[in-house]
Each structure stands twice: as structure tokens, then as C-alpha cells.
Amino acid sequence: MLEIQRLRSHKEEVLDGLSKRNINATNTINELLEMDALWRENKTQLENISAELNQLSRKIGDCFKNNQAQEAQQLKNETQELKVQEAALKTHVDELDSKITTILYSLPNVPHVDVIQGRLPEDNQLIESQGELPTFSFTAIPHWDLAKKHQLIDFELGVKVTGAGFPFYRGKGAKLQRALIAFFLDEADKAGYEEFIAPLLVNEASGIGTGQLPDKEGQMYYAPEDELYLIPTAEVPLTNIYRDVLLPNEDFSIKLTGYTPCFRREAGSYGKDVRGLNRLHQFDKVEIVRIEHPKNSEKALNEMVSHVRDLLIKLELPFRILRLCGGDMGHASAMTFDFEVFSAAQEKWLEVSSVSRFDTFQSNRLKLRFKDAQKKSQLCHTLNGSALALPRILAAILENNQTPDGITIPKVLQAYTGFDRIT
RNA sequence: GGUGGGAUGGGUGAGUGGCUGAAACCAACAGUUUGCUAAACUGUCGUACGGGUAACUGUACCGCGAGUUCGAAUCUCGCUCCCACCGCCA
């Protein structure tokens with residue numbers, strides 16, 4: 001959620017920024033600022049009346065102590081009219097307040113100055129390309145067929161037990177999955193991230209804190225009996241650790257990581273995009289989350305990008321890094337880098353990580369602040385990224401490392417899997 | 001699932017209708033002094049929003065929401081959460 005103070009003082013800048021998302025928010029923001037002015041005016045009036053009532057009440061108390069019942073009764077009568085006014089104003093102020101909040105929720109984050117305007121995935125900026133695209137002397141087999149051939153993943157069994165998008169991993173497939181998780185967590189640990197094992201169900205307040213609610217509840221699985229949501233990413237429980245937190249000084253840099261399954265309803269997806277491991281309702285991911293002083297968030301973002309980059313290099317996967325254009329960024333993001341690995345049999349790039357800075361957009365909702373040197377509270381910056389999401393990494397490893405007589409396990413994983421080939 | 005107890009500022013905890021935005025103690029911070037991994041003393045010490053260049057000031061907040069009252073941390077109702085014990089159990 002954008003800060004209303006920012007809209008008051010830097011309206012043009014915000015409008016410019018939003019135009020990179022191809023949004024013309026001029027009317028919305030003008031309307032918002034009008035409401036805000038009205039809100040403040042009414043709020044001041046309301047507070048004046050409250051102050052007057054408080055004074056009268058004190059006087060009435062004094063009268064009773066001095067046995068001046070007559071005077072007290074007179075003053076009581078005076079309060080009647082004021083109380084009616086107070087109630088009416090309060091209703092009005094509350095209404096304005098909730099209208100303002102609704103509009104604020106609907107506005108996306110302002111893209112960072114370095115983000116370019118754009119509409120389509122093709123408008124994203126290519127930052128870096130790494131690794132050679134594999135070539136084969138035979139026809140490369142897509143991962144869903146490899147998985148079946150080597151009994152690594154059983155999609156049909158998942159359909160039987162749960163439904164589409166909930167595969168079983170089995171045998172070496174399961175071990176490979178576990179190896180990837182352990183590898184990612186170990187790397188995050190080495191980079192100074194504290195590991196958490198988080199709840200997989202969260203309450204409504206947490207969903208609101210990170211922005212999944214109120215808009216995107218359709219994307220989350222929900223357990224109505226207990227009013228709990230299955231997490232779509234570890235970002236939700238990890239970031240919400242710091243909901244309603246006021247850090248005591250400026251000297252902080254919080255780095256969290258966690259492995260969790262992620263649950264996404266993915267309503268509306270279909271076709272070849274969802275084939276095999278490309279899009280699942282349940283998948284595994286290691287997430288990294290950072291909470292930083294505003295002056296450090298740029299540095300933190302770079303560190304996260306280079307962390308993810310190193311993971312892909314160690315896994316020997318060809319990848320590219322894109323800086324998303326305004327139109328392709330998520331609602332809450334100020335800047336996002338997408339990582340895509342090349343999947344040799346499908347011959348396409350698969351998104352495996354998204355690393356974003358949110359600046360104060362999330363912390364404003366979360367009420368996550370710190371005390372600065374002047375003892376004033378300021379909003380922290382939050383960032384997060386996948387490091388990494390497993391299914392498409394697995395797909396790329398299977399497809400890229402296939403040989404006529406089996407699949408080679410990347411060296412860095414062999415200590416984790418205990419085998420170097422799948423035959 | 002059953003029974004009982006509880007929710008107050010960073011912590012412990014006082015407070016049953018006005019003098020309480022909240023005692024006291026601890027912690028923290030600043031200073032004074034004496035000095036050797038410290039003590040004593042003094043002072044400061046909740047958050048949010050509005051107004052003001054500022055000093056400051058107004059309002060709201062004692063789990064959440066509603067009610068009674070001129071006035072609520074305190075009374076009434078609803079809800080949530082926590083703790084203890086019993087039952088069940090990975």
C-alpha cells in the first residue's frame with residue numbers, strides 16, 4: 001500500500017511512476033486527495049468536539065464533588081447536542097477513511113526509476129545470459145516423459161489421490177527433490193540467512209500483511225472451518241514474523257530463509273503451460289526474505305540477485321536474467337528481476353526465480369518500522385526472492401542433462417543425492 | 001473435546017467509574033560523580049493520526065468489537081487469543 005503522505009507531497013512523481021505500468025491514475029489520485037482533504041477537515045472538527053466534551057465531563061465531575069447538582073445537570077444538557085454532532089461526524093470520518101483505504105489498496109507500487117515502461121514480456125530488459133544452450137545428437141525428450149521412463153514423478157497417481165497438479169515424486173525423483181532443497185538451504189545458510197520452518201497455514205491478518213488479501217483470495221486454498229489459508233509462498237509466513245514490529249534502532253539487516261511447499265489454485269491456467277512440472281498446485285520452494293534499512297535495499301537486491309545467479313551457475317544450467325518492465329511487474333513490486341532457465345526439450349525459457357524489492361509498499365501494510373537516529377519511526381524496506389523454486393529446475397535438469405543412457409546429476413548435487421546418474 | 005484462569009506500556013505488575021496515558025520496580029537511553037571488567041545519584045523513556053517552522057498541542061488507543069454513562073482500563077454483552085489441568089494423540 002502506498003503511503004498517503006507520499007501522494008500528498010509527491011503526486012506527480014507517483015503518477016509518472018505508475019505510467020510505466022501503463023496506468024493513468026490521475027483521476028483516481030485527485031479524487032483520493034480530495035477525500036483526504038475532506039477527511040482531515042472533518043477529523044479536526046471531530047477532535048475539537050471531543051475535546052469540548054472531555055472538558056465538560058471534567059467540569060461535571062467537579063460539580064458533583066462540590067455538591068453543585070444543579071450546575072451539573074445544566075452542563076449535562078449541554079453535552080446532548082455535542083454528542084449528536086460527534087456521532088454524525090464520526091460516521092462520516094469512518095466512511096471516508098474506509099473509502100480512502102480501499103483506493104490505496106487498489107493502487108500498485110510505484111516502479112523504481114530504473115524500471116522501464118512496457119506492456120509485454122517482450123519489453124523486459126535482458127540483463128545477462130549465462131551458459132551454453134545444450135545441443136543433442138538425438139531428439140531431446142521432455143521432462144514428463146523422462147520422469148515417466150525413469151519413474152521419478154507420477155502425475156497420474158497424484159490425480160488419483162488428489163487431483164491434477166499434485167504429483168508424487170518417487171525413488172530417485174524424490175531423492176533429487178530432497179537434494180535440491182538441502183542444497184538451496186545450505187547455500188542460503190552460507191550467505192547468512194537464518195533458516196525457518198514455517199507454518200503452512202496462515203490467518204487472514206497475515207494474508208493482508210503481505211498483500212494476498214483482500215484482492216487475490218482466489219489464488220489461495222482456504223480452510224473455512226478454521227479460517228486459514230494455505231500459503232502460496234513462504235514469503236507470507238516469513239515476512240509476517242515482522243508484522244506490527246517496531247525495530248528499536250537503525251542498525252539492522254534481517255535475512256530469513258525457509259523451505260516450504262507452496263499451494264496455488266492457479267485458476268484459469270490451461271494448455272501446454274501447465275504440462276508436466278511447468279505449473280503445479282503444490283510445489284516446493286526455498287525463499288529468501290530480507291528486511292532492510294531504506295538506504296540498504298539497493299545493495300540487498302544486488303546481493304540477492306547474485307545469490308540466485310550463483311545457484312544456477314553451480315547447477316550448471318543455462319539461464320538469463322531479465323529486469324521486468326513496468327507492465328509485467330507484480331502489484332507490490334518496485335523492481336523485479338526474473339531468472340529463467342532454458343529447458344532443452346521444450347526449447348523454451350522457464351521462470352525459476354523472481355527477486356523483488358518492495359520498498360515500503362509491504363511494510364506500510366505490515367506496520368513494520370524502525371526508529372531512526374532522531375527517534376522517529378520510519379517504514380522498513382522488504383525484499384524477497386525464490387532461491388529457488390524446484391519444479392522447473394528439476395524439469396531443466398532432467399531435460400538438459402539427458403544422455404542416451406541416462407540423466408547426469410549436476411556435480412554440486414551428487415553429495416546430496418548419493419548417486420551421479422539416473423538410469 | 002471438557003473444566004478453570006487470564007489478556008494493562010520493552011518486561012514484571014498496581015489499578016472496580018472522574019485526581020489514570022496509566023503507580024511501582026526492572027530493562028533501555030542521556031548526564032553527574034567515584035573509579036578498574038562496576039556501583040551510586042539525577043533526568044529521559046508508548047504508539048498512531050491531525051494542527052504547528054518549532055517549542056508544543058488536540059484526539060484515539062489498557063486483546064478486539066459493541067453497549068451503559070456527562071464521563072469507562074474499571075460496569076454490561078459478543079468475539080478472539082493465551083495459559084493450566086483432564087481426555088485423546090503424531
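The gap from the C1' atom of B:rG21 to that of B:rA48 amounts to 14 Å, rounded to the nearest Å. Straight-line distance between the P atoms of B:rC62 and B:rA7: roughly 14 Å, to the nearest whole Å. If you take atom C1' in B:rG2 and the same atom in B:rC89, they sit 16 Å apart, rounded to whole Å. For the C1' atoms, the distance linking B:rG52 with B:rU34 amounts to 45 Å, nearest Å. Spacing between B:rA14 and B:rU69 at atom C1', rounded to whole Å, works out to 26 Å. Atom P of B:rU59 sits at a distance of 33 Å from the matching atom of B:rC26, rounded to the whole Å. The gap from the P atom of B:rU20 to that of B:rG31 amounts to 32 Å, rounded to the nearest Å. B:rC64 sits 15 Å from B:rC81 when the P atoms are compared, rounded to a whole Å.
Among the atoms of the strands shown, only primed sugar atoms or phosphate atoms (P, OP1, OP2) are found under 4.0 Å from some heavy atom of A:Asn54. Heavy atoms of A:Lys367 sit nowhere under 4.0 angstrom from any nucleic acid atom.
Counting only residues at least two apart or on different chains, no salt bridge (charged side-chain N to carboxylate O under 4.0 Å, His left out) pair has a member in residues 232-248 of chain A. Residue pairs meeting the ring pair (Phe, Tyr, Trp, His ring centres under 6.0 Å) criterion with at least one member in residues 200-225 of chain A, sequence neighbours excluded: A:Tyr222-A:Tyr229.
Heavy-atom distances to RNA chain B give each of A:Lys76 and A:Lys90 a nearest nucleotide, and the one nearer the 5′ end belongs to A:Lys90. Along RNA chain B, the nucleotide closest to A:Leu75 and the one closest to A:Ser50 are compared, and the more 5′ of them pairs with A:Ser50.
Per the geometry, CG belonging to A:Leu53 stands 10 Å off P belonging to B:rU59, to the nearest Å. Counting to the nearest Å, the C1' atom of B:rG58 and the CG atom of A:Asn42 are 16 Å from each other. Per the geometry, CG belonging to A:Asp94 stands 13 Å off P belonging to B:rA60, to the nearest Å. One atom, CG of A:Asp244, and another, C1' of B:rG9, lie 16 Å apart when rounded to the nearest Å. Separating the CD atom of A:Gln55 from the P atom of B:rU57 is a distance of 14 Å, rounded to the nearest angstrom. Rounding to whole angstrom units, NZ of residue A:Lys83 and C1' of B:rU68 are separated by 9 Å. The distance from atom CD of A:Gln68 to atom P of B:rC70 is 19 Å, rounded to the nearest whole Å. Computed from coordinates, the A:Asn203 CG to B:rC64 P distance equals 16 Å when rounded to whole Å.
Formation of a donor-acceptor pair under 3.5 Å by the A:His281 side chain with backbone atoms of A:Arg264 is found in this model. Under the 3.5 Å distance criterion, the side-chain polar atoms of A:Glu195 are left unmatched by any main-chain donor or acceptor of A:Leu185. Judged purely by atom type and a 3.5 angstrom limit, A:Asn124 uses its side chain to pair as donor or acceptor with the backbone of A:Pro121. For A:Arg369 (side chain) and A:Cys380 (main-chain N/O), no donor-acceptor pair under 3.5 Å exists by modelled atom type. In this structure a side-chain-to-backbone donor-acceptor pair under 3.5 Å is present from A:Asn24 to A:Thr26. Without hydrogens or angle criteria, A:Thr257 side chain to A:Glu287 main chain gives a donor-acceptor distance under 3.5 Å.
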* **Pairing pattern in dot-bracket form [Watson-Crick, G-U; both distances under 3.5 Å; | = partner strand] for RNA chain B** => ((((((((.[[[..)..(.....]]].(((((.......))))).((((((....)))))).[[[[[..)....]]]]])))))))....
Scan nucleotides 48-55 of chain B against the protein and return all N/O pairs shorter than 3.5 Å with their distances rounded to 0.1 Å.
unit_1, atom_1, unit_2, atom_2, d
B:rA48, OP1, A:Arg369, NH1, 2.8
B:rA48, OP1, A:Ser377, OG, 2.3
B:rG50, OP1, A:Arg8, NH1, 2.8
B:rG50, OP1, A:Arg8, NH2, 3.2
B:rG50, O2', A:Thr44, OG1, 3.1
B:rG51, OP1, A:Arg40, NH1, 3.1

Check nucleotides 17-20 of chain B against the protein and report each pair of N or O atoms closer than 3.5 Å, with its distance, or say if there are none.
unit_1, atom_1, unit_2, atom_2, d
B:rG18, N2, A:Ser57, O, 2.6

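Looking only at side-chain heavy atoms (C-beta outward), A:Ser19 and A:Leu15 stay at 4.5 Å or farther from each other.
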* To do: Could you walk me through whether A:Lys314 and A:Phe183 pass the side chain to side chain contact (heavy atoms under 4.5 Å, CB included) test, one step at a time?
  => CA-CA 10 Å; A:Lys314 285 183 182 167; A:Phe183 168 63; 4.0 Å; yes
* **From CA spacing to verdict: side chain to side chain contact (heavy atoms under 4.5 Å, CB included), A:Asp328, A:Arg119** => CA-CA 7 Å; A:Asp328 209 22; A:Arg119 217 169 269 280; over 6 Å; no
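Both the sub-6.0 Å distance and the 45° axial angle are satisfied by A:Lys172 relative to the ring of A:Phe419.
Legend: residues meeting side-chain contact (heavy atoms from CB on, under 4.5 Å) with A:Asp372, ordered by chain and number and at least two apart, are A:Glu250, A:Phe370, A:Gln374, A:Lys376, A:Gln378.
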